[in-house]
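Remarks on the structure that follows.
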Amino acid sequence: MSQRRILVTSALPYANGHIHIGHLVEYIQTDIWVRFQRLRGHRCVYICADDTHGTAIMIRARQEGRSEEQVIADMHAAHVRDFAGFHIEFDNYGSTHSEENRQLCAEIWQALCRAGLVVQREVSQLYDPVAGTFLADRFVRGTCPRCGAADQFGDSCDRCGSTYSPSELVGARSTLSGATPEVRAAPHFFIQTEQLHDFLAEWTQSAGHLHEDVAHWVAAAFLSQPLRDWDVSRPAPYFGFEIPDAPGHYWYVWFDAPIGYIASTLQWCRRSGEPFDLWWRHPETEIHHFIGKDITYFHTLFWPVMLKVAGFNLPRQVHIHGFLTVGGEKMSKSKGTFVLASTYLKHLDPAWLRYYYASKLTPKLDDLDLNLEEFVAKVNGDLVGKVVNLASRTARFVQGGTLSAAYPEDGGLFSQAAAEGDAIADAYEACDYNRAMRLIMALADRANRYVESREPWTLARDPSRAGELQDVCTVALNLFRQIALYLAPVLPTLQKQTAELLAAPLQRWEEAQRPLLGTAVAPFKHMLGRADIKHVLAMIEESREQPAAASPLAQGYGSTRQAGSVASSADSFAPRDDSSAGLAESAAPHVDRAAPLAAEPLEAEISFEDFSRIDLRVARVIAAEDVPDSKKLLRLSLSLGGDVHRTVFAGIKGVYEPASLVGRLVIYAANLAPRQMRFGTSQGMVLAAGPGGKDIYLLSPDPGAQPGQRVH
RNA sequence: GGGCCCGUAGCUCAGCGGUAGAGCAGAGGACUCAUAAUCCUUUGGUCGCAGGUUCGAGUCCUGCCGGGCCUACCA
């Protein structure tokens, strides 16, 4: 096969946060692919950078009282350190806040202007007069204009799901300064991607550029209609690059971020004397982007337009992966599953995560689940039990000696495994690492079976059969070496260890085709430790974030206080509230878990007057029925005594049988504003405890309470 | 409201028109070289539900149910 020239990128991590195990799916996936390509003898360069611009960084710098440059420099160092810890090796790890990027942005901008794709229009946006900045939707909070839910973001309500513009929010305020935002108009620059509609239709649908699911989605979601103009500028103040000839206007962070791929390449070229045009303006160079599914449309619509217009190489392929879940759920800070890369490294071996992710990754967009028990089982069962064990159980018999000079009869095992090389390579090439790992583990199974059948431990007891023993170990170690080579993209450390053990380099895929003979066998050294669930759980514990410091109570949560955090002293764990303290002492046998409180920390203090505004009543359920079109709702009729009835919708379907509710007493929030729902109007709500889902527990008064009585 | 993806053994998944598969877990046995590793045997599924196309359907088509994601006067 002729040597390919390949440039690979991973998405640029944002400089506003640390690398976590969710990020690592992508960087490990990419790093494996890059290592695989090099092993195959191709020229392959891995480029990445920090994404540093935008409002969030600006705000953070203000809050921390330092410059944006200081913020991003610190984060850059942290990112580089975390990646290195997981054996992720870039040829260049740059920053979008670089001179190279500024120049390239200007160059591409100019090309877009020349092509007549840039237009200017007024955009009205909320403006914070105190902070002196325009506000992105997420920096505005207020009361939902539809359902009246308090403290909602500027773009949509997470209570009733309605969407609206930030200016519709009732009592809107800026989360930056608390000021009331005002509407201000400012000119913005837009790119008319519609002009390249035909090009995009062709490029996104031509075979190989995108996974077919993605191509499908892009076609249906975007290309079936005229493309909207893309807003690519922001008015000052903004942390980014000012647009040439447009003072006071900055490129939007998503404009300069992908250009960072090119800028970082340019840095690498300048440092290593590579001709830049060979990498970004050459028909034979393959550009491969690895991204998460959340940023698909930036990379499949806007980005190709920018490259096309400015005359750069288009991506050969955009590889898209799904999100990480842990235990089947989104990563959660309160559950401790939001694990930072640095925290992982304190407790566990990076090779384990590389292998686990590899074993789960496919070319599809499915989310990938990290199941902690499976993680331990896979690492121990596959890597330690099957692979490393192969060397561990045979190398000792020949250490200090050499492998046999001629390759012994092995029943065709070596040539079979050599022949598998192509299938394994195809799987790596297609990013079907799951399949690759499966094929490799099957080889390990076969090799262990061989060892089992030849019983080297029996041969070792009989000095007259030393030659036979050497032969058996020669076969086993050669099979092991093939496996280590096939696993090398995933486990670079094992690759090095194997080269040392057998005193022969292990750097090219073809080395799996010829057995190694006559070389010295070094004393066997431990290659990979076993994973222990205790250490995994310790990592989870350390990752479990204390709830925001809402109260002394919340701060005292459990024993999971993070080192270095401003933890309260241990004595604050005891409730200070008089009444509950008394109860707690008399009920000493109860040991209640800390998790529920941690999951929903205490709210800010309110006055008695605030509390008394909520009119809670005892009510009797007089009818309950299923709402057929709804997933969660039951329709309840409540009696407040006499002939006062109310209808409420309660999200307890599947938790309570409607029939079982009729007749019972509940606690009812009576003066809550009515809420219009798809199935009718809900007049208030019934009170229940629990986080939701199936964990819902209706409140009841003690016997004797009468419907209509107020709860004080 | 619309769109996309997914729903195969307890778990993670492969198979995508021709007699239901793998790994792990479970059960029984063997071995003792090895990081309580390995090997053999074995239990286990009306392939979400209902129709249709076909000589034949996890595999193609339609509808429905369930899960996830995306997007909302629009695909």
Side-chain angles (χ1 to χ4, degrees), chain A residues 155-156 161-165 197 201 210-228 292-297 300-301 320-323 325 327-330 349 356-357 359-399 427 432-442 444-461 469 472-473 476-477 480 524-532 628-629 631 654 678 693:
Chain A
D155 52 350
S156 67
S162 60
T163 55
Y164 39 78
S165 80
H197 195 127
L210 303 175
H211 187 277
E212 61 175 324
D213 292 346
V214 178
H216 211 158
W217 175 72
V218 169
F222 301 101
L223 295 171
S224 61
Q225 60 185 331
L227 295 162
R228 284 171 231 169
K293 64 185 180 184
D294 52 328
I295 56 177
T296 297
Y297 88 135
T300 56
L301 296 173
I320 304 176
H321 60 81
F323 297 142
T325 57
E329 298 177 353
K330 269 203 260 192
D349 187 330
Y356 184 79
Y357 281 171
S359 76
K360 305 286 274 190
L361 277 164
T362 70
K364 295 197 289 189
L365 285 73
D366 301 350
D367 287 350
L368 180 162
D369 188 50
L370 168 58
N371 176 293
L372 302 175
E373 287 80 32
E374 190 194 19
F375 172 80
V376 172
K378 242 184 207 308
V379 165
N380 293 343
D382 292 356
L383 290 186
V384 179
K386 286 179 184 172
V387 176
V388 172
N389 187 226
L390 209 46
S392 171
R393 69 193 303 203
T394 55
R396 282 165 223 267
F397 294 121
V398 286
Q399 64 188 24
D432 200 347
Y433 303 163
N434 164 274
R435 181 172 164 73
M437 295 309 108
R438 232 184 264 247
L439 290 169
I440 295 167
M441 287 310 138
D445 284 339
R446 261 185 264 165
N448 273 305
R449 232 172 285 152
Y450 170 83
V451 173
E452 200 72 26
S453 69
R454 301 302 301 268
E455 301 184 35
W457 52 92
T458 306
L459 301 177
R461 290 188 208 113
L469 175 63
V472 168
C473 293
L477 288 170
F480 168 72
F524 181 79
K525 282 191 265 182
H526 209 265
M527 288 176 158
L528 186 73
R530 305 177 66 76
D532 183 335
D629 291 338
K631 291 175 197 162
R678 188 145 64 95

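Letters A, B, ... mirror the listed sequences (proteins, then strands); counts begin at 1.
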Using purine N1 to pyrimidine N3 plus N6-O4 or O6-N4 for Watson-Crick, or N1-O2 and O6-N3 for G-U wobble, each under 3.5 Å, what pairs with [N]?
N	value
G1(B)	U71(B)
G7(B)	C65(B)
G21(B)	C13(B)
C39(B)	G29(B)

Distances under 3.5 Å between nitrogen or oxygen atoms of protein and nucleotides 8-12 of chain B:
unit_1: U12(B); atom_1: O3'; unit_2: Lys360(A); atom_2: NZ; d: 3.4
unit_1: U12(B); atom_1: O2'; unit_2: Lys360(A); atom_2: NZ; d: 2.8

Figure out the [atom1]/[atom2] separation between [X] and [N], and round it to whole Å.
X	N	atom1	atom2	result
Arg435(A)	G15(B)	CZ	C1'	10 Å
Leu370(A)	C24(B)	CG	P	20 Å
Trp217(A)	U71(B)	CH2	P	7 Å
Phe480(A)	A37(B)	CZ	P	18 Å
Leu439(A)	G15(B)	CG	P	12 Å
Asp294(A)	C69(B)	CG	P	12 Å
Leu210(A)	C4(B)	CG	P	17 Å
Lys293(A)	U71(B)	NZ	P	11 Å

Between [M] and [N] - [atom1] atom distance, rounded Å:
N	M	atom1	result
C39(B)	C31(B)	C1'	7 Å
A34(B)	U46(B)	C1'	45 Å
G52(B)	G17(B)	C1'	16 Å
G7(B)	G48(B)	C1'	6 Å
G18(B)	U54(B)	C1'	12 Å
U59(B)	U8(B)	P	13 Å
C70(B)	G51(B)	C1'	30 Å
U42(B)	G56(B)	P	34 Å

Would you call [X] and [Y] a side-chain contact if the rule is heavy atoms closer than 4.5 Å?
X	Y	result
Thr300(A)	Phe222(A)	no
Trp457(A)	Val451(A)	yes
His321(A)	His211(A)	no
Asn434(A)	Arg438(A)	yes
Asp349(A)	Leu528(A)	yes
Val388(A)	His526(A)	no
Leu210(A)	Trp217(A)	no
Phe480(A)	Val387(A)	yes

When you measure from the side chain of Ala377(A), which nucleotide among C24(B), A37(B), C70(B) comes out closest? C24(B)
Closest to side chain of Lys386(A), choosing from U35(B), C39(B), G23(B): G23(B)
With heavy atoms under 4.0 Å as the rule, sort [X] into base, sugar-phosphate or nothing.
X	value
Met527(A)	base
Arg449(A)	sugar-phosphate
Leu223(A)	nothing

Please report the interatomic distance [atom1]([X]) to [atom2]([Y]), rounded to the nearest 0.5 Å.
X	Y	atom1	atom2	value
Arg446(A)	Lys386(A)	CZ	NZ	12.5 Å
Leu372(A)	Tyr356(A)	CG	OH	8.0 Å
Lys378(A)	Met441(A)	NZ	CE	8.5 Å

Starting at the 5' end of RNA chain B, which residue's closest nucleotide do you reach first, Asp445(A) or Arg228(A)? Asp445(A)
Any side-chain N or O of Lys364(A) under 4.0 Å from OP1/OP2 of A14(B)?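 Indeed, a polar side-chain atom of Lys364(A) lies that close.
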What nitrogen or oxygen pairs link the protein and nucleotides 30-34 of chain B at under 3.5 Å?
unit_1: C33(B); atom_1: O2; unit_2: Arg393(A); atom_2: O; d: 3.4
unit_1: C33(B); atom_1: O2; unit_2: Arg393(A); atom_2: NE; d: 3.2
unit_1: C33(B); atom_1: N3; unit_2: Arg393(A); atom_2: NE; d: 3.4
unit_1: C33(B); atom_1: N3; unit_2: Arg393(A); atom_2: NH2; d: 2.7
unit_1: C33(B); atom_1: N4; unit_2: Arg393(A); atom_2: NH2; d: 3.1
unit_1: A34(B); atom_1: O3'; unit_2: Ser392(A); atom_2: OG; d: 3.4
unit_1: A34(B); atom_1: O2'; unit_2: Asn389(A); atom_2: ND2; d: 2.9
unit_1: A34(B); atom_1: O2'; unit_2: Ser392(A); atom_2: OG; d: 2.8
unit_1: A34(B); atom_1: N3; unit_2: Asn389(A); atom_2: OD1; d: 3.3
unit_1: A34(B); atom_1: N3; unit_2: Asn389(A); atom_2: ND2; d: 3.4

Of Leu361(A), Leu368(A), Asp366(A), the one forming a side chain to side chain contact (heavy atoms under 4.5 Å, CB included) with Lys364(A) is Asp366(A)
How would you label the glycosidic angle of G15(B): syn (within 90° of 0) or anti? anti
